[in-house]
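Take a look at the structure below.
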Number of protein chains: 2
Amino acid sequence: MLHDPAQLDLMFQALADPARRQMVERLSRGPASVSQLAEPLAMSLSAVVQHLNVLEASGLVRTQKIGRVRTCQIEPKALSAAETWINERRLAWERRLDRLGDFLAESKDET
Amino acid sequence: MLHDPAQLDLMFQALADPARRQMVERLSRGPASVSQLAEPLAMSLSAVVQHLNVLEASGLVRTQKIGRVRTCQIEPKALSAAETWINERRLAWERRLDRLGDFLAESKDET
DNA sequence: TCAAAACTGAAGCATTTACTTAACTATTGA
DNA sequence: TCAATAGTTAAGTAAATGCTTCAGTTTTGA
(Lines give C-alpha, C1' and ligand atoms only; values in the text may rest on other atoms or scores of the structure.)
Protein backbone atom coordinates (compact mmCIF):
# COMPACT_ATOMS: atom_id res chain seq x y z
CA MET A 1 0.00 0.00 0.00
CA LEU A 2 2.55 2.50 1.15
CA HIS A 3 4.94 3.37 -1.70
CA ASP A 4 2.58 2.20 -4.38
CA PRO A 5 3.92 4.18 -7.36
CA ALA A 6 0.50 4.71 -8.90
CA GLN A 7 -0.79 6.05 -5.60
CA LEU A 8 2.10 8.53 -5.35
CA ASP A 9 1.51 9.54 -8.97
CA LEU A 10 -2.08 10.48 -8.15
CA MET A 11 -1.06 12.26 -4.97
CA PHE A 12 1.70 14.43 -6.39
CA GLN A 13 -0.31 15.05 -9.54
CA ALA A 14 -3.21 16.20 -7.38
CA LEU A 15 -0.95 18.63 -5.53
CA ALA A 16 0.59 19.95 -8.74
CA ASP A 17 -2.27 22.35 -9.44
CA PRO A 18 -2.63 25.67 -7.60
CA ALA A 19 -6.44 25.48 -7.52
CA ARG A 20 -6.32 22.02 -6.00
CA ARG A 21 -3.70 23.05 -3.45
CA GLN A 22 -5.90 26.00 -2.54
CA MET A 23 -8.78 23.60 -2.01
CA VAL A 24 -6.59 21.42 0.22
CA GLU A 25 -5.50 24.51 2.16
CA ARG A 26 -9.12 25.46 2.68
CA LEU A 27 -9.99 21.95 3.82
CA SER A 28 -7.05 21.80 6.20
CA ARG A 29 -8.87 24.55 8.11
CA GLY A 30 -12.05 22.50 8.26
CA PRO A 31 -14.70 20.73 6.16
CA ALA A 32 -16.43 22.61 3.35
CA SER A 33 -19.11 22.15 0.74
CA VAL A 34 -18.34 22.19 -2.98
CA SER A 35 -19.74 25.71 -3.29
CA GLN A 36 -17.61 26.92 -0.42
CA LEU A 37 -14.53 25.44 -2.06
CA ALA A 38 -15.49 27.09 -5.33
CA GLU A 39 -16.15 30.53 -3.90
CA PRO A 40 -12.57 31.93 -3.95
CA LEU A 41 -11.70 30.26 -7.26
CA ALA A 42 -12.08 32.03 -10.62
CA MET A 43 -13.64 29.12 -12.47
CA SER A 44 -16.97 27.42 -13.00
CA LEU A 45 -18.47 25.16 -10.37
CA SER A 46 -18.19 22.36 -12.87
CA ALA A 47 -14.42 22.82 -13.04
CA VAL A 48 -14.22 22.76 -9.26
CA VAL A 49 -16.13 19.48 -9.17
CA GLN A 50 -13.63 18.04 -11.63
CA HIS A 51 -10.72 19.16 -9.44
CA LEU A 52 -12.50 17.68 -6.47
CA ASN A 53 -12.78 14.35 -8.28
CA VAL A 54 -9.02 14.41 -8.85
CA LEU A 55 -8.43 15.08 -5.16
CA GLU A 56 -10.81 12.32 -4.16
CA ALA A 57 -9.22 9.82 -6.57
CA SER A 58 -5.84 10.64 -5.07
CA GLY A 59 -7.15 9.79 -1.61
CA LEU A 60 -6.33 13.27 -0.29
CA VAL A 61 -9.95 14.25 0.19
CA ARG A 62 -13.00 12.34 1.32
CA THR A 63 -16.56 13.51 0.70
CA GLN A 64 -20.06 12.58 1.74
CA LYS A 65 -23.30 13.85 0.38
CA ILE A 66 -26.11 14.76 2.71
CA GLY A 67 -29.20 16.07 1.02
CA ARG A 68 -28.04 18.22 -1.85
CA VAL A 69 -24.78 19.28 -0.16
CA ARG A 70 -21.52 17.42 -0.64
CA THR A 71 -19.25 17.97 2.33
CA CYS A 72 -15.52 17.53 1.82
CA GLN A 73 -12.72 16.91 4.26
CA ILE A 74 -9.02 16.10 4.19
CA GLU A 75 -7.85 12.54 4.59
CA PRO A 76 -4.81 13.07 6.86
CA LYS A 77 -3.24 9.67 6.23
CA ALA A 78 -2.96 10.30 2.51
CA LEU A 79 -0.87 13.45 2.90
CA SER A 80 1.57 11.57 5.08
CA ALA A 81 2.30 9.13 2.24
CA ALA A 82 3.75 11.97 0.19
CA GLU A 83 5.52 13.26 3.26
CA THR A 84 7.03 9.84 3.89
CA TRP A 85 8.38 9.55 0.38
CA ILE A 86 10.05 12.95 0.61
CA ASN A 87 11.43 12.22 4.07
CA GLU A 88 12.97 8.97 2.89
CA ARG A 89 14.76 10.74 0.04
CA ARG A 90 16.02 13.38 2.43
CA LEU A 91 17.25 10.75 4.85
CA ALA A 92 19.06 8.93 2.05
CA TRP A 93 21.04 11.93 0.90
CA GLU A 94 21.70 13.10 4.44
CA ARG A 95 23.18 9.70 5.28
CA ARG A 96 25.23 9.92 2.13
CA LEU A 97 26.52 13.38 2.97
CA ASP A 98 27.42 12.14 6.45
CA ARG A 99 29.44 9.28 5.01
CA LEU A 100 31.06 11.70 2.62
CA GLY A 101 31.90 13.99 5.51
CA ASP A 102 33.42 11.11 7.45
CA PHE A 103 35.44 10.10 4.42
CA LEU A 104 36.78 13.61 3.94
CA ALA A 105 37.61 13.89 7.63
CA GLU A 106 39.52 10.61 7.47
CA SER A 107 41.34 11.65 4.34
CA LYS A 108 42.43 14.78 6.15
CA ASP A 109 43.72 12.75 9.11
CA GLU A 110 45.84 10.66 6.78
CA THR A 111 47.94 13.56 5.54
CA MET B 1 10.47 32.58 -2.72
CA LEU B 2 9.14 29.97 -0.38
CA HIS B 3 5.49 29.21 -1.17
CA ASP B 4 5.68 30.57 -4.67
CA PRO B 5 2.73 28.73 -6.25
CA ALA B 6 4.43 28.34 -9.63
CA GLN B 7 7.46 26.87 -7.93
CA LEU B 8 5.33 24.34 -6.05
CA ASP B 9 3.51 23.49 -9.29
CA LEU B 10 6.81 22.60 -10.94
CA MET B 11 7.98 20.65 -7.92
CA PHE B 12 4.90 18.50 -7.40
CA GLN B 13 4.48 18.08 -11.15
CA ALA B 14 8.06 16.86 -11.35
CA LEU B 15 7.41 14.31 -8.60
CA ALA B 16 4.16 13.11 -10.19
CA ASP B 17 5.91 10.82 -12.65
CA PRO B 18 7.30 7.41 -11.60
CA ALA B 19 10.30 7.66 -13.93
CA ARG B 20 11.26 11.04 -12.49
CA ARG B 21 10.78 9.83 -8.92
CA GLN B 22 13.02 6.87 -9.74
CA MET B 23 15.63 9.31 -11.01
CA VAL B 24 15.37 11.31 -7.80
CA GLU B 25 15.66 8.13 -5.76
CA ARG B 26 18.79 7.19 -7.67
CA LEU B 27 20.26 10.65 -7.15
CA SER B 28 19.46 10.64 -3.45
CA ARG B 29 22.01 7.83 -3.24
CA GLY B 30 24.64 9.92 -5.02
CA PRO B 31 25.42 11.81 -8.24
CA ALA B 32 24.97 10.10 -11.59
CA SER B 33 25.42 10.74 -15.30
CA VAL B 34 22.48 10.88 -17.70
CA SER B 35 23.29 7.40 -18.99
CA GLN B 36 23.42 6.00 -15.48
CA LEU B 37 20.03 7.53 -14.75
CA ALA B 38 18.68 6.07 -17.98
CA GLU B 39 20.02 2.56 -17.43
CA PRO B 40 17.16 1.14 -15.30
CA LEU B 41 14.45 2.96 -17.26
CA ALA B 42 12.60 1.36 -20.17
CA MET B 43 12.71 4.38 -22.45
CA SER B 44 14.98 6.15 -24.87
CA LEU B 45 17.87 8.28 -23.69
CA SER B 46 16.13 11.20 -25.30
CA ALA B 47 13.08 10.71 -23.08
CA VAL B 48 15.34 10.58 -20.03
CA VAL B 49 16.95 13.87 -21.00
CA GLN B 50 13.49 15.41 -21.25
CA HIS B 51 12.56 14.13 -17.81
CA LEU B 52 15.85 15.50 -16.53
CA ASN B 53 15.00 18.91 -17.95
CA VAL B 54 11.72 18.83 -16.04
CA LEU B 55 13.55 17.95 -12.83
CA GLU B 56 16.09 20.70 -13.42
CA ALA B 57 13.39 23.28 -14.17
CA SER B 58 11.68 22.34 -10.92
CA GLY B 59 14.88 23.03 -9.01
CA LEU B 60 14.99 19.48 -7.64
CA VAL B 61 18.11 18.54 -9.58
CA ARG B 62 21.24 20.43 -10.52
CA THR B 63 23.59 19.33 -13.30
CA GLN B 64 26.99 20.23 -14.63
CA LYS B 65 28.62 19.06 -17.79
CA ILE B 66 32.27 18.10 -17.79
CA GLY B 67 33.58 16.93 -21.11
CA ARG B 68 30.83 14.92 -22.71
CA VAL B 69 29.37 13.73 -19.40
CA ARG B 70 26.56 15.55 -17.62
CA THR B 71 26.64 14.82 -13.93
CA CYS B 72 23.41 15.24 -11.97
CA GLN B 73 22.77 15.70 -8.29
CA ILE B 74 19.87 16.46 -6.00
CA GLU B 75 19.26 19.98 -4.76
CA PRO B 76 18.32 19.29 -1.11
CA LYS B 77 16.79 22.69 -0.45
CA ALA B 78 14.21 22.24 -3.19
CA LEU B 79 12.75 19.05 -1.74
CA SER B 80 12.24 20.79 1.58
CA ALA B 81 9.94 23.35 -0.06
CA ALA B 82 7.46 20.59 -0.87
CA GLU B 83 8.00 19.11 2.55
CA THR B 84 7.26 22.47 4.16
CA TRP B 85 4.01 22.91 2.28
CA ILE B 86 2.79 19.47 3.33
CA ASN B 87 3.90 20.00 6.94
CA GLU B 88 2.02 23.28 7.14
CA ARG B 89 -1.19 21.63 5.96
CA ARG B 90 -0.74 18.82 8.47
CA LEU B 91 -0.11 21.32 11.26
CA ALA B 92 -3.24 23.24 10.31
CA TRP B 93 -5.58 20.28 10.54
CA GLU B 94 -3.87 18.91 13.63
CA ARG B 95 -4.43 22.24 15.38
CA ARG B 96 -8.01 22.15 14.20
CA LEU B 97 -8.55 18.64 15.51
CA ASP B 98 -7.02 19.68 18.84
CA ARG B 99 -9.44 22.59 19.11
CA LEU B 100 -12.26 20.27 18.15
CA GLY B 101 -11.12 17.82 20.84
CA ASP B 102 -11.06 20.60 23.43
CA PHE B 103 -14.50 21.71 22.39
CA LEU B 104 -15.91 18.21 22.67
CA ALA B 105 -14.26 17.73 26.08
CA GLU B 106 -15.78 21.00 27.31
CA SER B 107 -19.18 20.08 25.96
CA LYS B 108 -18.96 16.85 27.90
CA ASP B 109 -18.08 18.71 31.14
CA GLU B 110 -21.12 20.87 30.73
CA THR B 111 -23.61 18.00 30.99
C1' DT C 1 -46.15 23.07 -4.99
C1' DC C 2 -42.48 24.90 -7.22
C1' DA C 3 -38.64 27.92 -7.98
C1' DA C 4 -34.12 28.31 -6.32
C1' DA C 5 -29.97 25.97 -4.62
C1' DA C 6 -26.47 22.58 -5.01
C1' DC C 7 -24.54 19.93 -7.50
C1' DT C 8 -23.62 16.36 -11.69
C1' DG C 9 -22.45 14.71 -16.33
C1' DA C 10 -21.44 15.01 -21.13
C1' DA C 11 -19.42 17.09 -24.98
C1' DG C 12 -16.10 20.04 -26.95
C1' DC C 13 -11.70 22.40 -27.25
C1' DA C 14 -6.97 24.28 -26.63
C1' DT C 15 -2.84 23.08 -24.36
C1' DT C 16 0.46 20.17 -22.24
C1' DT C 17 2.71 15.73 -21.51
C1' DA C 18 5.31 11.76 -22.46
C1' DC C 19 6.97 9.63 -25.36
C1' DT C 20 9.11 8.19 -30.28
C1' DT C 21 12.59 8.44 -34.17
C1' DA C 22 16.12 10.60 -36.55
C1' DA C 23 19.66 13.70 -37.34
C1' DC C 24 23.12 16.19 -35.02
C1' DT C 25 27.34 17.92 -31.98
C1' DA C 26 30.91 17.42 -29.02
C1' DT C 27 34.63 14.37 -26.51
C1' DT C 28 37.63 10.80 -25.92
C1' DG C 29 40.41 6.64 -26.03
C1' DA C 30 42.99 3.51 -28.84
C1' DT D 1 42.77 10.24 -36.73
C1' DC D 2 38.47 8.52 -36.17
C1' DA D 3 35.03 5.45 -34.54
C1' DA D 4 32.64 4.94 -30.39
C1' DT D 5 30.58 7.37 -26.49
C1' DA D 6 27.56 10.77 -24.34
C1' DG D 7 24.40 13.69 -24.89
C1' DT D 8 21.29 17.22 -27.45
C1' DT D 9 17.66 18.92 -30.46
C1' DA D 10 13.73 18.89 -33.44
C1' DA D 11 9.60 17.10 -35.19
C1' DG D 12 5.74 14.29 -34.76
C1' DT D 13 2.01 11.89 -32.23
C1' DA D 14 -1.33 9.88 -28.99
C1' DA D 15 -3.21 10.61 -24.72
C1' DA D 16 -4.16 13.36 -20.70
C1' DT D 17 -5.42 17.98 -18.56
C1' DG D 18 -8.00 21.98 -17.47
C1' DC D 19 -11.08 24.33 -18.62
C1' DT D 20 -15.85 25.82 -20.93
C1' DT D 21 -21.03 25.60 -21.72
C1' DC D 22 -25.25 23.45 -21.40
C1' DA D 23 -28.59 20.38 -20.06
C1' DG D 24 -29.86 17.60 -16.54
C1' DT D 25 -31.17 15.71 -11.26
C1' DT D 26 -32.16 16.11 -6.43
C1' DT D 27 -33.33 18.74 -2.36
C1' DT D 28 -35.25 22.21 0.12
C1' DG D 29 -37.51 26.31 1.92
C1' DA D 30 -41.29 29.51 1.56
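Residue numbering restarts at 1 for every chain, and letters A, B, ... go by the order of the sequence lines.
- Minimum atom distance to the side chain of Val34(A) is reached by dC7(C), of the listed dG7(D), dC7(C), dG18(D).
- Atom pair Leu10(B):CG and dT16(C):P shows a separation of 13 Å (rounding to whole Å applied).
- Comparing Gln50(B) and Ala42(A), the nucleotide of DNA chain D nearest to each residue sits closer to the 5' end for Gln50(B).
- For the residue pair Trp85(A)/Glu25(B), the side-chain donor-acceptor check at 3.5 Å is satisfied.
- Across the interface with DNA chain D, nearest-nucleotide mapping of Met43(A) and Arg68(B) shows Arg68(B) to be the residue nearer the 5′ end.
- Under 4.0 angstrom from either OP1 or OP2 of dT8(C) there lies at least one side-chain N or O belonging to Lys65(A).
- In summary, the side chains of Glu56(B) and Thr63(B) do present a donor paired with an acceptor at a separation below 3.5 Å, with no hydrogens or angles considered.
- Atom CG of Asp17(A) is separated from atom P of dT16(C) by 14 Å (rounded to the nearest Å).
- For the OP1/OP2 pair of dC19(D) and a distance below 4.0 Å, the side-chain nitrogens and oxygens of His51(A) include at least one atom meeting the criterion.
- Contact annotation: Ser44(A) reaches the phosphate of dT20(D) (side-chain N/O to OP1 or OP2, under 4.0 Å).
- The distance between atom CZ of Arg70(A) and atom P of dT28(D), rounded to the nearest whole Å, is 16 Å.
- When the C1' atom of dT20(D) is taken as reference, atom CG of Leu41(A) falls 16 Å away, rounded to whole Å.
- Using a 4.0 Å heavy-atom criterion, one finds that Ser33(B) contacts the sugar-phosphate atoms exclusively.
- For Ser46(A) and dC19(D), the shortest distance from a side-chain N or O to OP1 or OP2 is not below 4.0 Å.
- A straight line from CD of Gln36(B) to C1' of dG7(D) spans 14 Å, rounded to a whole angstrom.
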